[in-house]
Novice: 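Sending over a structure as structure tokens; questions will come in a sec.
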Amino acid sequence: MPELPEVEEVRREILPAMEGARFERVELRRRNLRRPFPRDFAARLTGRTVRALRRRGKYLVAELSSDESLLMHLGMSGWFRVEREGSAAPEPADAHDHVVFHMSSGAAVVFNDPRRFGAMDLVAPGKLARHRALGAMGPEPLDPAFDGAALARACAGKRTSLKAALLDQRVVAGLGNIYAAEALHLAGLSPRRRASTIATPSGQPKESAHRLARAIKEVLRRAISRSSKPASRGSRFRVYDREGDRCTTGRCKGTVRRFVQAGRSTFYCPDCQQ
DNA sequence: ATTGAGACCTGTCGGC
DNA sequence: TGCCGACAGGTCTCAA
């Protein structure tokens with residue numbers, strides 16, 4: 001499930017257990033997730049300290065005292081949980097607990113991922129920029145450098161749909177199927193539109209590009225701040241998974257529709273998303 | 001080069 | 001109740 005806000009939530013959750021702590025023991029319960037673990041994975045972590053734990057798009061990046069970087073991706077169903085070592089009642093191991101980091105902080109950081117679309121990789125010093133995913137990744141949406149102009153530049157000339165463009169991590173980092181739909185709804189833009197329509201032929205931003213960039217920041221910020229509060233009742237989403245519901249904007253009387261686009265469900269309000 | 005379809009996995013849910 | 005297909009928040013590869 002994780003998109004940028006959920007990955008950020010996970011980062012904050014495991015930060016106290018990992019940052020500044022040493023890997024005392026690394027348990028690998030499988031040889032692979034989506035791909036095989038890198039060679040000597042456990043050995044290259046053991047004894048190293050986590051200098052910093054950052055997030056880039058949907059990746060978690062742990063900077064190690066060896067100057068290597070540990071990349072972690074949650075895929076569709078991946079999650080971490082933190083357990084205190086030696087606690088009176090250890091949580092039962094789950095069949096999908098694939099990796100356990102035993103940290104010098106006294107915590108065990110457990111990676112659980114039923115579908116195993118997640119991935120872990122170790123990247124040599126200085127090679128992050130050339131990593132296949134990170135190297136080509138677009139701007140961080142919450143960074144001030146990401147704005148309507150940047151978005152328009154990335155979408156200029158693209159013949160694909162606006163929705164598909166937002167899912168392309170090279171255009172902007174961290175959006176997935178939910179928040180792409182949410183941002184388009186907040187911006188009042190149809191997911192069916194051609195991506196190039198938010199830019200002039202020379203790549204300058206139209207008003208819609210500014211609106212969309214602002215909407216992206218807004219839905220992500222709200223999702224991140226909501227994750228630190230108690231769960232609220234009802235759907236957290238404006239359109240996602242709300243087929244048949246009344247559009248919530250109040251600006252129209254539309255009904256949320258679902259259709260399949262690029263193989264994924266898209267939810268939108270045909271009334272107020274043009 | 002871009003673009004869409006299919007593949008990779010397991011779990012859950014709704015309908016019969 | 002049980003079975004079966006559709007679907008799930010993400011990439012990655014491949015062929016047009």
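Letters A, B, ... are given to chains in the order of the sequence lines, protein chains preceding strands, and every chain is numbered from 1. Everything numeric in this text was worked out from a predicted model, so none of it was measured.
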Novice: A/L71 has an atom CG; how far is it from atom P of C/dT11, in whole Å?
Specialist: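 Taking atom P of C/dT11 as the reference, CG of A/L71 is at 13 Å.
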Novice: Side chain of A/R115, base of B/dC9: donor and acceptor closer than 3.5 Å?
Specialist: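 Donor-acceptor pair under 3.5 Å: yes.
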Novice: Would you kindly compare A/R35 and A/F267 by the position of their nearest DNA chain C nucleotide and give the one closer to the 5′ end?
Specialist: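 Result: A/F267.
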Novice: Could you measure between the two P atoms, the one in C/dC7 and the one in B/dA5, and give it in whole Å?
Specialist: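 Between the two P atoms, the distance is 15 Å.
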Novice: Counting only side-chain nitrogens and oxygens, does A/R34 get under 4.0 Å of the OP1 or OP2 atom of C/dG10?
Specialist: no
Novice: Is the number of heavy atoms from other residues, nucleotides or ligands within 6.0 Å of NZ (A/K206) greater than 12?
Specialist: yes
Novice: Please report, rounded to the nearest Å, how far the P atom of C/dC7 is from the CD atom of A/Q261.
Specialist: 16 Å
Novice: Centre of A/F23's six-membered ring, under 6.0 Å away, within 45 degrees of the axis: is that where NZ or CZ of A/R44 sits?
Specialist: no
Novice: Between atom CG in A/L166 and atom C1' in C/dG9, what is the gap in whole Å?
Specialist: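 That distance rounds to 15 Å.
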Novice: Does a side-chain N or O of A/S77 approach OP1 or OP2 of B/dG11 to a distance below 4.0 Å, or not?
Specialist: no
Novice: Do the side chain of A/E8 and the main chain of A/I224 share a donor and acceptor less than 3.5 angstrom apart?
Specialist: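 Such a contact is absent between A/E8 side chain and A/I224 backbone.
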Novice: Whether A/Q169 contacts C/dG10 is assessed here as follows: a side-chain N or O lying under 4.0 Å from the phosphate OP1 or OP2. Is that the case?
Specialist: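 For C/dG10, neither OP1 nor OP2 has a side-chain N or O of A/Q169 closer than 4.0 Å.
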Novice: Does the structure show a Watson-Crick or G-U wobble partner for C/dG2, both distances under 3.5 Å? Name it, or say none.
Specialist: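 The answer is B/dC16, by the H-bond criterion.
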Novice: Under a 3.5 Å cut-off for both distances, is B/dC9 Watson-Crick or wobble paired, and to whom?
Specialist: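 Across all strands, not a single nucleotide pairs with B/dC9.
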Novice: Does C/dT11 have its OP1 or OP2 closer than 4.0 Å to a side-chain nitrogen or oxygen of A/H73?
Specialist: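 For A/H73, the contact criterion (side-chain N or O under 4.0 Å from OP1 or OP2 of C/dT11) is met.
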Novice: Looking only at side-chain N and O atoms, does A/H96 come under 4.0 Å of OP1 or OP2 in B/dG11?
Specialist: yes
Novice: So, A/E140 side chain and A/G57 main chain: donor-acceptor pair closer than 3.5 Å or not?
Specialist: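 Flag set: sc A/E140 to bb A/G57 pair under 3.5 Å.
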Novice: Please determine whether a side-chain nitrogen or oxygen atom of A/K58 lies at a distance below 4.0 Å from atom OP1 or OP2 of C/dG10.
Specialist: yes
Novice: Establish, from distance only, whether the side-chain atoms of A/Y268 and A/R192 form a donor-acceptor pair under 3.5 Å.
Specialist: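 Yes, A/R192 and A/Y268 have a side-chain donor paired with an acceptor closer than 3.5 Å.
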Novice: When you compare C/dC12 with B/dG11, how far apart are their P atoms, in angstrom units rounded to a whole number?
Specialist: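 Approximately 23 Å lies between the P atom of C/dC12 and that of B/dG11.
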Novice: Look at the side-chain N and O atoms of A/R132 and state whether any lies under 4.0 Å from the OP1 or OP2 oxygen of C/dT13.
Specialist: yes
Novice: For C/dG9 and B/dT3, measure between their C1' atoms and round to the nearest Å.
Specialist: 23 Å
Novice: Is there a stack between A/F117 and B/dC8, judged by ring centres under 5.5 Å and planes under 30°?
Specialist: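 Stacking between A/F117 and B/dC8: present.
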